[in-house]
Each structure stands twice: as structure tokens, then as C-alpha cells.
2 protein chains.
Amino acid sequence: MSETEPRTERSGRTDPAPGQAPSARPHTGRRRNEAAHRAILDAALDLLAAPDGAPVTIDAIARTAGVGKQTVYRWWPSKGAVLLDALTDRADQDVDGPDTGALRTDLRAFVATTFDAAQHGTTASALRALAREAARDPHLADLMRSFTATRRNALHDLLSRGRDRGELAGNADLDLIVDQVYGVFWYRFLLGHGPLDQDTAERLADSLVTANRGD
Amino acid sequence: MSETEPRTERSGRTDPAPGQAPSARPHTGRRRNEAAHRAILDAALDLLAAPDGAPVTIDAIARTAGVGKQTVYRWWPSKGAVLLDALTDRADQDVDGPDTGALRTDLRAFVATTFDAAQHGTTASALRALAREAARDPHLADLMRSFTATRRNALHDLLSRGRDRGELAGNADLDLIVDQVYGVFWYRFLLGHGPLDQDTAERLADSLVTANRGD
DNA sequence: GTTTGTCGAGACTGCTAGTCTTGTCAAGCG
DNA sequence: CGCTTGACAAGACTAGCAGTCTCGACAAAC
């Protein structure tokens with residue numbers, strides 16, 4: 001996800017013998033400018049992180065990056081793709097949840113980390129802007145779904161380990177627990193009517209363990 | 001909420017003696033056309049309910065209602081306000097939660113009803129469209145906040161009654177319980193990655209009671 | 001019959017996503 | 001060295017939509 005794909009096949013080959021080595025001339029012409037690539041991602045992140053919630057247009061991204069609009073669209077299919085790529089480029093390493101051997105501790109840490117990440121201005125406005133864009137761009141909404149799926153899977157694994165150790169009931173609905181965590185998170189994050197502090201994280205984690213323990 | 005307000009003061013009175021009967025001439029000129037008002041709300045609902053998820057523009061609403069755009073903007077401040085008004089106009093009566101005298105039963109019914117309401121095509125696409133609009137329109141986001149607050153309050157009251165009867169711990173975080181219900185609801189509703197069926201509703205309600213009971 | 005305010009119709013502005021065009025530059029090939 | 005290919009910056013252009021403005025018609029009060 002953090003490495004981008006070109007939106008269409010490059011190097012106008014017709015590939016008449018599929019399954020072959022990429023035919024004789026794999027590439028000619030000027031090479032892709034890696035600096036421009038980075039500049040676009042960085043500009044997107046900068047604008048996304050702007051606290052004023054400004055709309056983040058493609059024009060702005062291109063101008064900030066010192067790049068033509070076409071260069072953006074050559075490498076990403078839509079604005080949303082740029083934004084998501086910019087965000088995951090920064091954030092998709094740290095999805096491996098904690099593993100202390102005790103479910104309550106793991107879950108507390110996971111929830112606390114999740115809540116905490118959204119408290120920092122930069123990430124918060126970026127995430128908010130992303131959600132805003134995803135609401136209007138079906139393509140981005142798709143990407144967003146797989147983005148969130150990654151997070152959910154990490155949490156699901158954490159819970160699964162706990163269940164294997166007998167800390168959750170064998171018939172506990174892990175997906176529902178996962179969605180209770182991320183549901184509360186996004187709901188409060190986007191509406192902003194309630195806190196996402198460490199205290200809340202602990203209470204939520206503890207109550208989920210209590211409700212689903214297998215004794 | 002279901003009765004609309006004019007976007008600005010009507011009938012150019014200056015009201016020099018506040019707290020008085022509305023001064024001598026409360027209104028002159030042609031009266032508001034109630035039929036047009038209804039037609040707009042109905043058109044909005046129709047378009048919102050269209051299964052194809054089409055964008056629902058103001059032009060379309062006005063054209064469908066057989067009304068000039070200005071007539072829409074005379075009575076509502078933004079497109080989002082129209083949409084929200086159209087939706088609440090239909091839905092805001094039934095917020096009084098059940099009251100059977102037993103928390104588990106009440107909560108199950110409340111959650112089940114909430115989930116169920118979003119399964120019907122019309123309401124579902126309307127709600128989705130509304131969320132989409134709220135993401136880009138701060139004004140609507142505000143209206144949306146008070147809309148959701150009404151629902152949250154109904155659920156909070158339900159829980160509060162249960163706590164008074166001793167079915168929840170005295171220190172249970174009712175707001176967190178509320179947000180777990182609506183968090184799961186919106187999260188699954190908007191992402192569509194998991195079911196919102198009666199089974200889920202029951203499991204969620206039961207687990208929340210279990211986690212927060214006061215014994 | 002004059003004033004005030006609503007009505008339908010539609011032109012208009014302003015903003016943005018995404019495409020297309022143009023002229024330039026860099027890399028490989030002969 | 002010249003030719004071809006494709007990336008590049010700049011920016012014109014199209015299309016869709018929110019929201020405003022203008023116009024002529026009409027209706028209610030006075």
C-alpha cells in the first residue's frame with residue numbers, strides 16, 4: 001500500500017507472449033522522478049495535517065509539491081488514492097499489536113495506543129480529512145475499507161490469542177468486540193462529543209474482557 | 001426539527017419592544033406555499049431513497065418538486081439542512097425507547113430497532129447520503145450532531161432507568177455504553193463489513209449488560 | 001392600486017476533479 | 001550524434017454542483 005502502482009500499464013508493450021520475461025525492451029524514455037513522487041506524498045501529508053481543515057485540493061497538492069497536476073494523475077488514479085497513500089506511507093508499519101501474554105493488558109495497550117494516535121494534531125486532522133474525502137469518493141472508500149480491515153485484523157489476532165489462552169469464551173464474537181472498539185473510536189473521533197482518553201480506553205478494554213470472558 | 005425555520009427573520013419587523021405581541025403588522029405579502037414546502041421535502045426523500053446512490057443535487061430536488069431553487073434556499077440554509085429535515089420529518093417521533101421494566105429486554109429491543117431501521121432500503125440510502133453530505137458540510141454536521149444527540153439521550157435514559165433499578169453498577173459509564181451501541185451501528189453501517197442483524201443486536205445488548213452489571 | 005413578499009425559471013459565479021495540450025527534458029538506441 | 005519514447009511543469013479546458021442573483025408573475029394585506 002505504501003508503494004504506489006502506476007494507474008495504467010507503462011511502456012506500451014502488448015505482451016503477446018504472457019508469462020514470458022518482460023519483452024526485450026522493458027522501458028525507454030525518461031525515468032520516473034522519485035523526488036517528485038516523494039514531494040507529492042509529503043505535500044499531501046502537509047496539507048492533510050493542516051489544522052484549519054482546509055479542503056486539500058489536487059491543485060494545492062501539486063502546487064505545494066512544485067509539480068504538474070498530470071504528474072499526480074500519472075501515478076495515482078484519484079485524489080483519494082494520493083491521500084490514503086500518503087497516510088499509510090507513514091502509518092502502516094505499526095499495526096502489530098502488543099503481545100504481553102495477558103489479554104487484559106494487551107487490549108488495554110492496543111486501545112490506548114489507538115486512541116492516543118488520534119489525539120495528536122497532525123494525525124487527527126489527516127484522519128479527519130481522509131474520512132471526509134472517503135465520504136465523497138467511492139474509490140477512496142474502497143481503499144479505506146482495506147485500510148481499516150488491516151487494523152481490525154490486528155486486533156482480531158490479539159483477541160484470538162487471548163481466546164486460545166482461555167481468557168475469552170470459546171463462543172465470543174470477536175468481530176463484534178473489534179467493532180465495539182473501532183466503533184467507539186470512530187464515532188467519538190468524528191463526532192467529537194466524548195473523550196478518547198486513556199481512562200476511557202481502560203474502561204472500554206476492561207468491560208470488553210469482562211463481558212466476554214469464558215468462565 | 002421537523003418543522004422548518006426560515007433562514008432569516010421574515011416580515012421585516014424590527015421588534016422594537018421585545019416580549020411584546022408581534023408588532024402591528026406581523027406579515028404582509030404573499031403567504032408561504034405549504035404545498036411547495038411539502039413537495040420539496042418529499043422530493044428530497046424520494047431522491048435520497050433512490051437505490052442507485054445518485055448524488056442528490058439541489059437542482060434535482062427543485063426540479064422534482066417543481067419548484068425554483070430559490071424557494072428551497074428561502075427556507076433552508078443549505079442542502080444538508082433540507083436532507084436532514086426531510087429525514088427527521090419522517091423519523092423523529094419514534095425516539096422514545098421501550099420501557100418493559102427489565103434492562104436487558106429494553107436494551108435488546110432498542111438496539112434491535114435501531115439496527116432494523118437501517119436495513120430498509122429507503123432509510124438506509126437516505127442515512128448514508130446524509131452522512132456523506134455531513135462530511136463535507138459543517139452546517140449539516142452540526143445539525144447531525146444534535147440529531148444523534150437526541151438518539152443518544154433516549155438510550156442514555158433507558159440505561160439510567162436500569163441503573164436506578166440496580167441492574168447496572170452505580171459507577172457504570174453510561175455514555176461509553178451508549179457510544180458502544182451507536183459506534184458499532186455507524187461503523188458497520190457505513191463500512192458495511194459486518195452484519196447489523198437481530199442476532200448481533202442481542203449479543204451486543206447482552207454483552208453490555210453483562211459487562212456493566214452491578215453485582 | 002400600492003406595497004410587500006413568495007413563486008418558478010433560469011442565468012450566473014466560484015470552486016474543484018479530472019483530462020488534454022504544449023513545449024521541454026532525460027534516457028536509451030542505432 | 002540524431003531519433004524515439006516517455007516523464008515532466010504549466011496551465012487551458014470540461015463538467016458537475018452549491019449557492020446567489022435577477023426577472024416577471026402573482027397573492028395578500030392595507
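Each chain gets a letter, A, B and so on, in the order its sequence line appears, and its residues count up from 1. The analysis underlying the following values was restricted to heavy atoms, covering all of them including side chains, and did not include hydrogens, waters or symmetry mates.
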On the ring face of A:Phe189, is A:Arg128 found with NZ or CZ under 6.0 Å from the centre and within 45° of the axis? yes
If I take atom [atom1] in residue [X] and atom [atom2] in nucleotide [N], what distance separates them, rounded to the nearest angstrom?
X        : N      : atom1 : atom2 : value
A:Glu34  : C:dA27 : CD    : C1'   : 16 Å
B:Leu47  : D:dA18 : CG    : P     : 12 Å
A:Leu140 : C:dT16 : CG    : C1'   : 16 Å
B:Ile58  : C:dG8  : CD1   : P     : 14 Å
B:Asp59  : D:dT20 : CG    : P     : 14 Å
A:Gln70  : D:dA9  : CD    : C1'   : 11 Å
B:Tyr73  : C:dA11 : OH    : C1'   : 15 Å
A:Ile40  : D:dA9  : CD1   : C1'   : 11 Å

Under-4.0 Å side-chain N/O to phosphate OP1/OP2 contact, [X] with [N]:
X       : N      : result
B:Thr71 : C:dG8  : yes
A:Arg74 : D:dA7  : yes
B:Thr57 : D:dC17 : no
A:Arg31 : D:dC8  : no
B:Trp75 : C:dG5  : no

Check A:Val72 against A:Ala62 and note the closest heavy-atom contact, atom names and distance. CG2-CB, 4.4 Å
Check B:Ile40 against B:Val82 and note the closest heavy-atom contact, atom names and distance. CG2-CG1, 4.1 Å
Less than 4.0 angstrom from a charged side-chain N to a carboxylate O is my criterion; do A:Arg63 and A:Asp59 meet it? no
State plainly whether the residues A:Asp142 and A:Arg145 are in salt-bridge range, i.e. N to O under 4.0 Å. yes
By nearest-nucleotide position on DNA chain C, the 5'-leaning member of B:Ala36 and A:Pro55 is B:Ala36
Result for 5'-nearest mapping on DNA chain C, choosing between B:Arg30 and A:Ser78, is B:Arg30
Assess whether one donor atom and one acceptor atom, taken from the side chain of A:Lys69 and the base of C:dG18, lie less than 3.5 Å apart. yes
